[in-house]
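One-based numbering, in listed order, for ligands and for the atoms of each. Below, each value reflects all heavy atoms present in this structure, side chains not excepted, and no hydrogens, waters or symmetry copies.
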Amino acid sequence: MNFQPKASHFIDGQYVEDESGTPIEVIYPATGELIAKLHSATPQILEKALQSAQAAQKSWAALTGTERGRVLRRAADMIRAQNYDLSVIETHDTGKPIQETTVADANSGADALEYFGGLAGSLTGEHIPLGRGDFVYTIREALGLCVGIGAWNYPTLIACWKAAPALACGNTMVFKPSELTPLSVLKIAEILIEAGLPSGVFNVVQGYGDVGATLVTDPRVAKVSLTGSAATGRKVYAAAAAGMKHVTMELGGKSPLIIFDDADLDNAVSGAILGNFFSSGQVCSNGTRVFVQRGIKAAFLNRLKERLTTVQIGDPMDSKTNFGPLVSKRQLDIVESYIAKGIVEGARLVSGGKSLPGPGFYMEPTVFADVRDEMTIAIEEIFGPVMSVLDFESEEEVIVRANATDFGLAAGVFTNNLVRAHRVASKLQAGSCYINTYNMAPVEAPFGGSKLSGVGRENSKLAINHFSEMKSVYVSMNDVEAPY
Ligand code: NDP
């Protein structure tokens, strides 16, 4: 398959190139091979994208919600029909196994387009009676030109999670994917146009952080939705604040997963595997601090080790492979340095810990036991396949320790005690809490973080409020009373 796109950017309904932009080399993480060459957006390209999105916004917003929704739902159907081809691109962009990408990526993007496409026709304001016949009515208005900036772990999903609610509300978007994974979102832009989206409503520009920063500060931009690290989030939020822009920040995490000794052992081990090793650990909501109650610790570690012997690491395009490489050499180096720190700081390596000889950026699924709260691997987000297992005695103790983090994206609890499950969930400081499961993100439910993990929510009806605002129109049916 040829992964070289027709051009780097997709603006005003067509591919556009400007070869004077900084080169972007797309590397297949499984082999280290160069699979495509693109260029970062120049100021001229950015101007074209912003102008096109601004010009298209009013007429897009003037359609009925049903008309907008129809386009999004048609795109969802087309994405599903092309799921395999899109998954092959996603696998080559990210290195994630085809076994995962055919299930999680384009499909989840299609879900978002279908869901928000379905909601678009029902977006309304309300009527508020004030007495004596006076009233207020509210008009739900689009924000205008929105910018989406994506991370590299779920390029298709992130683009669709941002574009679908934005477009449903009548906004237009300029989207910048991570320069590590620039390919799949170009295909999404193509499909949207084929589905009937007017030119300029969804545009893609490539580039490094500086391109994102330029977009965020442009005065024409009304809203910025970022998926990225907390460090980038801080910069983007501050830059957006200068222009009083709306923001949604989906940032990192160091989420706790609490396993009580009355939990179903195999389910708890499955939850810990799903919460640490899916996408080779490159998932923001991962439960990387696995608190295991002392009574079940030995059994948990034994079962986990046993289960990890069946992992199929290898060629991501082989349908039997369920564990692929990390996204880049740089990410592999970061993960290796955390593993070295874990060993130096006294954590006990019980599984994995080694990278595989190249080519490709593979790291074994790694488990540390006897991890203490103050160790670096228990504090910082690693964004790789490294699980830290920590011991605990009591419910009170584990809640305090689970919440003792600057992040608040997700949290999980495994127990067969119904009352305890809900009590613990109510006390955990996190945007998503899982009981006897982990890492679900259906479009129907709000997703996002508290504390340093972010601001706002994606998915669900709540996302509509983050891509629209209300205008109140006050109507008097009576004479106006003035004091003089
Ligand atoms: P980064 O924060 O490094 O980058 C995110 C995006 O922001 C990239 O497109 C990046 O471009 C861009 N960017 C960087 N600097 C700026 C700037 N000053 N202004 C505007 N844009 C900028 O994250 P990664 O791509 O490394 O992704 C990993 C991080 O994303 C992890 O922390 C992870 O937890 C988080 N994440 C959060 C999710 C959530 O929903 N909460 C989901 C997935 C990931 P460039 O790549 O060129 O630097």
Next item on the list: Of the side chain and backbone of Glu458, name the one, both, or neither that has a heavy atom under 4.0 Å from an atom of ligand 1.
Entry: neither
Next item on the list: Please could you name the atoms of ligand 1 that Ala151 approaches to less than 4.0 Å, counting only its heavy atoms?
Entry: 25 (O), 27 (O), 30 (O), 44 (C)
Next item on the list: Check whether the side chains of Lys341 and Thr376 place a donor and an acceptor atom closer than 3.5 Å, and report yes or no.
Entry: no
Margin query: I want to know if ligand 1 touches Lys235 in the polar sense, i.e. an N/O pair below 3.5 angstrom.
Written below: no
Check: With a 4.0 Å cut-off on heavy atoms, does Gly207 reach ligand 1?
Finding: yes
Next item on the list: For atom 24 (P) of ligand 1, grab the closest protein heavy atom and report residue, atom and distance to one decimal in Å.
Entry: Trp152 NE1, 3.3 Å
Margin query: Below 4.0 Å from ligand 1: does a non-hydrogen atom of Gly150 turn up there or not?
Written below: yes
Check: Without hydrogens or angle criteria, can the side chains of Thr156 and Ser184 be said to hold a donor-acceptor pair below 3.5 Å?
Finding: yes
Notebook entry, point to check: N/O of Gly212 under 3.5 Å from N/O of ligand 1, yes or no?
Noted result: no
Item checked: Ser328, Ala213, Cys284: member with heavy atom nearest to atom 37 (C) of ligand 1 -> Cys284
Notebook entry, point to check: Does ligand 1 have an atom under 4.0 Å from some heavy atom of Phe447?
Noted result: yes
Checklist line | Within-cut-off N or O pair, Ser453 and ligand 1, under 3.5 Å | finding: no
Note to self: For Leu183 versus Ile89, what's the shortest heavy-atom pair and its separation?
What the structure shows: CB-CG2, 3.8 Å
Notebook entry, point to check: Just distances here: any N/O of Leu226 and N/O of ligand 1 closer than 3.5 Å?
Noted result: no
Margin query: Distance under 4.0 Å to a non-hydrogen atom of Glu250: what atoms of ligand 1 satisfy this?
Written below: 37 (C), 38 (C), 39 (C), 40 (O), 41 (N)
Item checked: Contact (N/O only, under 3.5 Å) between Val236 and ligand 1 -> no
Margin query: Quick one about Asn439 and Asn286 (side-chain donor to acceptor, distance below 3.5 Å, no hydrogens or angles considered), yes or no?
Written below: yes
Item checked: Under 3.5 Å side-chain donor-acceptor pair for Thr227 and Lys162 -> yes
Notebook entry, point to check: Per the side-chain contact (heavy atoms from CB on, under 4.5 Å) rule, which among Val335, Leu326, Asn153, Ile334 passes with Phe383?
Noted result: Asn153
Check: With a 4.0 Å heavy-atom cut-off (strictly under), which part of Thr227 contacts ligand 1: side chain, backbone, both or neither?
Finding: both
Next item on the list: Scan side-chain atoms only and decide if Gln429 and Ser450 contain a donor-acceptor pair under the 3.5 Å cut-off.
Entry: no
Item checked: Part of Leu409 with heavy atoms under 4.0 Å of ligand 1, whether side chain, backbone, both or neither -> side chain
Check: Got a salt bridge between Asp333 and Lys329, using NZ or NE/NH1/NH2 to carboxylate O under 4.0 Å?
Finding: yes
Next item on the list: Please find out if less than 6.0 Å separates the ring center of Trp161 from that of Phe447.
Entry: yes
Check: Is there a donor-acceptor contact under 3.5 Å linking the side chains of Asn83 and Ser87?
Finding: yes
Check: Polar-atom distance check: Asn153 versus ligand 1, any N or O pair below 3.5 Å?
Finding: no
Check: Going by the order shown, which atoms of ligand 1 are within less than 4.0 Å of some heavy atom of Gly252?
Finding: 32 (O), 34 (O)
Item checked: Between Glu179 and Ser40, a side-chain donor and acceptor under 3.5 Å -> no
